[in-house]
Amino acid sequence: MKLHEHQARKLLSEFSIPVPRGIVASSVDEAISAFHELGGPVVVKAQVLSGGRGKAGGVVLANNEAAVESAAKNILRLEIGGYSVKRLLITDACEISKEIYLSALIDRNAGAIAVMASSKGGMDIEEVALQSPELIMRRHVDYATGLPQFMARELGFELGLDWDQVKEFQSIASNLVELLKQVDASLVEINPLIVDGEGHCRAIDAKIDLDDNAMGRHPELENLRNPEEYTREEIEARNAGISYIKLDGNIGCMVNGAGLAMALLDVIKGEGGEPANFLDVGGGADSVQVRTAMNIILSDPTVRVILINIFGGITRCDEVANGVIEALGSISKDVDLVVRLVGTNEDEGLSLLKTAGISAHSSMVEAVKQAVELAS
Amino acid sequence: MKLHEHQARKLLSEFSIPVPRGIVASSVDEAISAFHELGGPVVVKAQVLSGGRGKAGGVVLANNEAAVESAAKNILRLEIGGYSVKRLLITDACEISKEIYLSALIDRNAGAIAVMASSKGGMDIEEVALQSPELIMRRHVDYATGLPQFMARELGFELGLDWDQVKEFQSIASNLVELLKQVDASLVEINPLIVDGEGHCRAIDAKIDLDDNAMGRHPELENLRNPEEYTREEIEARNAGISYIKLDGNIGCMVNGAGLAMALLDVIKGEGGEPANFLDVGGGADSVQVRTAMNIILSDPTVRVILINIFGGITRCDEVANGVIEALGSISKDVDLVVRLVGTNEDEGLSLLKTAGISAHSSMVEAVKQAVELAS
Amino acid sequence: MSILINENTKVMVQGITGNQGSFHTNLMQQYGTNVISGVVPGKGGESVFGVPVFDTVIQAVEFDRPDCAVVFVPAAVAADAILEEVACGIPLIICITEGIPVLDVTRVMQAVNASGVRLIGPNCPGLISPGRSKVGIMPSHIHMPGPVGVVSRSGTLTYEVVQALTDAGIGQTTCVGIGGDPIIGTSFVEAVKMFQEDDETRGIVVIGEIGGEGEEQCAEYIGKYVDKPVVGFISGRSAPAEKRMGHAGAIVSGSTGSADAKISAFEEVGVSVARIPTDIAALISDLL
Amino acid sequence: MSILINENTKVMVQGITGNQGSFHTNLMQQYGTNVISGVVPGKGGESVFGVPVFDTVIQAVEFDRPDCAVVFVPAAVAADAILEEVACGIPLIICITEGIPVLDVTRVMQAVNASGVRLIGPNCPGLISPGRSKVGIMPSHIHMPGPVGVVSRSGTLTYEVVQALTDAGIGQTTCVGIGGDPIIGTSFVEAVKMFQEDDETRGIVVIGEIGGEGEEQCAEYIGKYVDKPVVGFISGRSAPAEKRMGHAGAIVSGSTGSADAKISAFEEVGVSVARIPTDIAALISDLL
């Protein structure tokens, strides 16, 4: 679950990480009044769930009302990373004497929290990561311990900060890790963390990704969810415990297991077909989930063929068959159905399908071939 | 730093550990109005910094106003463990279906936090510890991790609680460890933790000792300090970084280092003398601390001889000599001074003393012999 | 020999009274797995398909020490269940549960690494040594005993491959699902190492997917230390970049973790990579 | 040989610019100790008695790897300083600082135990191998090289004993102050074990005090594994029960940890116990 910059900086503030003052605006007028409220040079920033805002012209310095007006106007017309800009953040402009990159994240290879820092912060950090990875320091952190003071200090001195700044950095870095832990984030990134004109550290931009698996224990964060992050169908799917991603083809897929679902996409493409979606009903899906999955696929007008590929393990074939049959009852559309159903309780499932007049393949490749033929 | 029960139960409450309602009273009248406010049977409990209150008659169940009045009257006349009772705690009386002992503490042998629990809670827990130590369960806990849920669950089932009670116990035990950590306690003890008439767990009595070394980072706890825990001299000493304990003899002692200070008491007793105090000026004491120590010793009217025994390591003999000389300048009392001064900067110290007309021993035993002779 | 489990392995089921736990306990028993105990707090004293249930792992261990624990408890309490097993020194822990918050898994991994027990999963189908024992949720009828070791990040995709192997008459020593989460207890490298050291295993099948670096590390290991034939498969060649494909692990960012990077890594060390899962059987068959 | 430190030991001083840190750095240098570096955050680039100062331990280690670190920093930041040294793998850490919150020490001990480095202290005078090296705050002139190993929980009381030994012509291999706090990094048992294993050490002096069980455990160890002569001393025979005598460790509760219990434990395993500190010299002299 991705947060907007203005949401992320609010969390930073709650964890005592200093950020410049800022006001969210949804229109040019609101942007102008935010400028007057802040009473000095400002930065007008697009709020979209995507990186690369700076390069796309989504971050503009403005010293007077006219500049704010024109910046807001322009930015509100932009589309960045597939998202049209709906909101702006107007913040105090800061004098910048140093730009640092700082993040805390889950390092999957180490199986631990990592803190990364670089003195080459700013827009080109991805480039730095590719060209000069040695300029990005990485430290692993025990979950229980958090970031030890000495480790934050090492990073601070290594970043070339003076002792007063290192003390500020120590507290910022420790709080960043604490924030990651407390909100179950998989990433909390400050880029840049600047040293301002008076020599103080401030977080100028922030990115936070929350762990969807952990949101059950953070009901208070649920209202930070941004509807634009997912389509209506993706949200409906998630609520039913289903992973669904819209793609461009006309073969609607329902699979149990992400690996098998991806393999199915590969096989469809290999046979010359085009999948309409990725859909993993999850492990142990019951008939209700299967029905929901069917409805989501059917709500896509481009779908010509539904291809069901289930290899039951924790998922039981009879539950799948029941869900499919129930969903079919309400189909009012002209789509073909191709089913491949094997695994746990296979006999029960096949016999249910047979009763409902549905035949099933036992081979995935055969099923794909039939689906591609029907779809073309 | 020891807390009263009413202070400890307030901290328990802040850490979501359920306690019965309670009101502090300093007089019989206040006790009676507390009884009326609570509106049911109450327990009247002496508030003293000592164990054994129950056996001393300091905890009395009272069902009506007359009983409260008589209990309060009696208890306010008691002296328990050397403390006269100044305050009472009036709490709701609870039906008790089970009494558990539960504590979190620093286990010095393991170098870790330990949680101890027993199904034989109540007044006789010391007896249980001596006679049947196997009835007291002990689990060690990582500082960073705190008490894992499963460990609390193990203890809960082992205590014979049912699953609903185990769930309450899990949370109480985890919060107890969290409390120990958050307030830097060396001991947090609930005895008894009861299961009440409705089957719920509640802390009926609580004892908390805080780590004096950590109070610097808990300014908010400083106002919980109870003046009766130490004498005025002990408090004055502590503020100067000095350990001082009043004893019964007439030889006032000033030593650097607790081990040497205790050894000096042993040698004085061995030579037939009686020390007036234990006093450790601490490591690296400067002349100001030495002067303070001298003044504390001199404020004891029974002191006939001051015996200074310094073996300088981190403490410098010249600093000690300066402090002694400065303190002597303001002596208006008829006491003898015996000095033994060796170690770091010994020559400088001895020469300062010599200039001030003070002679010094190099042997501790010789110094003790002279002091005992002068004191008798 | 198989790896990790065999006909003598004594299994404890954490979460045995739940829907999945009891269902698969029964299937495991039918396969011949020696399920000796189950644990569910508050259900101590009950029994499930003849298996005694205890309130705590420590009580189950006192009853009879298991060689292996399999975890079916809900995601919210799975980390605590694993920590309980680690504390009791159960040497092999298989976590089927999916959807565990990733920070819980970092917490678990710290304890696992410090104690030297082995965790497989989470979010995995478990493992099976055909004809000997099954500790997991895979459909058992698709397996047969034989010379190939199978290791996979995926569940159902593995069944697909195993079915093809069995259909081709190629049996398996052990099939291990290591799990699809970003952080897992046992890596491809560790599983492949065990197969390399297992006398009975004559060929190895590695089934990966996009995301992470586990397959690349495995390729490097194979290049250095494995002399048995290996066939690989990578799922997600046609997944669009920057999209999550169900598994939290299956995220492609830049070139790292892409299907192409993984396939190249395998091919560079002489591992044959199948284009569709069912081709694996023919490839490994040629190499045995 | 001495134990723990000798003439080749390279020493780093954490907190070298402070009052105590700089004073004792100079005294250690005068004794011949090889002080190679100091660490104080924010003072990197300065120097103290010719010793270069670094902002962090990692920088000091990059400059020249120390064998030993000695900690003089204030109590509030001492735990962090020790954790920094542990993380840098400094094999021997001597913590002089007193007054460290006891929970900080439990935190430190977790890291120390996990990493296998040795911590001596906190709240200790350090150690000295007379004629070779001194890493601590003890007055050096009272020591002389010779065959006796001394281990003590106390600071100044040890000086008293050492002075008596030296006055009697009995030199020391190494004198170790293990510290007076409730939780310490190195126990009596561990120190005695090192002396038992040290070829040059021919007799051992153990100086304890009331409180805790370290002396009792040491007695048990001596009874089982030590064949060198041992003389003991216990301070606090006349301390009133239930009173704190300065050291947080010196609390008598019930019979555990009392002077009598400790003296009996020693005597039961044949350790001679001196009644006053200066008697130790004569007792050990008779046994050598």
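A, B, ... follow the sequence lines: proteins, then strands. Residue 1 opens every chain. All values reported here derive from a predicted model rather than from experimental measurement.
The residue among C:Gln20, C:Gln217, C:Glu98, C:Arg275 with the most heavy atom pairs within less than 4.5 Å of chain A is C:Gln20. Most heavy-atom pairs under 4.5 Å with chain A: of the set C:Thr156, C:Thr106, C:Ile137, this distinction falls to C:Thr156.
A side-chain contact (heavy atoms from CB on, under 4.5 Å) with C:Ile183 is found for one member of A:Ile106, A:Asn109, A:Asp107 and no other, namely A:Ile106. C:Leu103 pairs with exactly one of A:Val183, A:Asp211, A:Asp184, A:Asn213 by the side-chain contact (heavy atoms from CB on, under 4.5 Å) rule, that one being A:Asp184.
To the nearest 0.5 Å, the span separating OG on C:Ser238 from CZ on A:Phe278 amounts to 11.0 Å. The NE2 atom of C:His141 lies 8.0 Å from the CG atom of A:Asp347; values are rounded to the nearest 0.5 Å.
Summarising the local packing, CD of C:Glu220 is surrounded by 12 or fewer heavy atoms from other residues, nucleotides or ligands at distances under 6.0 Å. Residue-environment remark: CG (A:Asn239) exceeds the threshold of 12 foreign heavy atoms within 6.0 Å.
For a residue to count as touching a neighbouring chain, one of its non-hydrogen atoms must lie under 4.5 Å from one of that chain's; by this rule C:Ile184 does not touch chain A. Contact of A:Ala110 with chain C is not made at all, since no heavy-atom distance falls under 4.5 Å. Using a 4.5 Å cut-off between heavy atoms, A:Arg340 contacts chain C through its side chain alone, with no backbone atom that close. If you measure heavy-atom distances from C:Ile207 to chain A, you find no contacts under 4.5 Å at all. The parts of C:Val102 that come within reach of chain A are both its backbone and its side chain, each placing non-hydrogen atoms under 4.5 angstrom from that chain.
A pairwise comparison of heavy atoms in C:Pro277 and A:Met364 identifies CG-CE, 3.8 Å as the closest pair. Pairing each heavy atom of C:Ser235 with each of A:Ala263, the nearest pair is OG-N, 3.0 Å. Residue C:Pro101 comes nearest to A:Ala214 through the heavy atom pair CB-CB, 3.6 Å, listed as atom of the first residue, atom of the second, then distance.
Identified under the salt bridge (charged side-chain N to carboxylate O under 4.0 Å, His left out) test for residues 258-273 of chain A, with sequence neighbours left out: A:Lys269-A:Glu274. Listed by first then second residue, pairs satisfying salt bridge (charged side-chain N to carboxylate O under 4.0 Å, His left out) with a partner in residues 100-116 of chain C read A:Arg217-C:Asp104, C:Asp104-C:Arg107, not counting sequence neighbours.
Among the residues in residues 157-166 of chain C, those with a non-hydrogen atom closer than 4.5 angstrom to a non-hydrogen atom of chain A are C:Leu157, C:Tyr159, C:Glu160, C:Gln163.
Every residue meeting the ring-ring contact (aromatic ring centres under 6.0 Å, His included) condition with C:Tyr221, not counting sequence neighbours, appears here in chain and number order: C:Tyr225.
Put simply, the side chain of A:Met262 does not reach to within 4.5 Å of the side chain of C:Arg237, judged on heavy atoms.
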